[in-house]
Amino acid sequence: MPVKKYKCLNPVGIQEPITLYPLAPRLDKLDGKTIYVSINAGGDQDITIPLLKRLPQDYPNVNWKIKRQFGFSADLTAEEKKDADAVIAGVIW
């Protein structure tokens, strides 16, 4: 009995190269900067728990500020915007 052969295409396909355009310039250094971590929607879950522990360990000279809010926005108040050098925003479900 002959062996059946099946031919299939890789569902991943071929990814064309893309050009990235940053939304803001990178900080030249992190020491002494104030960075807000905005956690939205479902709150602390999954990666945010170890991330919030790890960032201050790896970057002890950064002033980390954690902001928890419900919704999909990383909006900072006017006062926070004056203080912030950067924002890390994440939505957790």
Is the shortest side-chain heavy-atom distance between [X] and [Y] below 4.5 Å?
X	Y	result
E80	V87	no
I88	I35	yes
L76	K82	no
K67	T77	yes

_Please evaluate residues V62 and T34 with respect to the criterion side chain to side chain contact (heavy atoms under 4.5 Å, CB included), reporting the C-alpha separation (whole Å), side-chain torsions for both, the decisive distance (0.1 Å), and the verdict._
CA-CA 6 Å; V62 172; T34 297; over 6 Å; no

*Starting at CG of N61, measure out to CG of D58 and round the result to the nearest 0.5 Å.*
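These two atoms lie 12.0 Å from each other.
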
*asked:* Could you measure the distance from the CG atom of L30 to the CG atom of D85? Nearest 0.5 Å is fine.
replied: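 L30 CG to D85 CG: 9.5 Å, rounded to 0.5 Å.
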
*asked:* If we ignore hydrogens and angles and just use 3.5 Å, is the side chain of W64 paired with the main-chain N or O of Y59 as donor and acceptor?
replied: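 Yes.
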
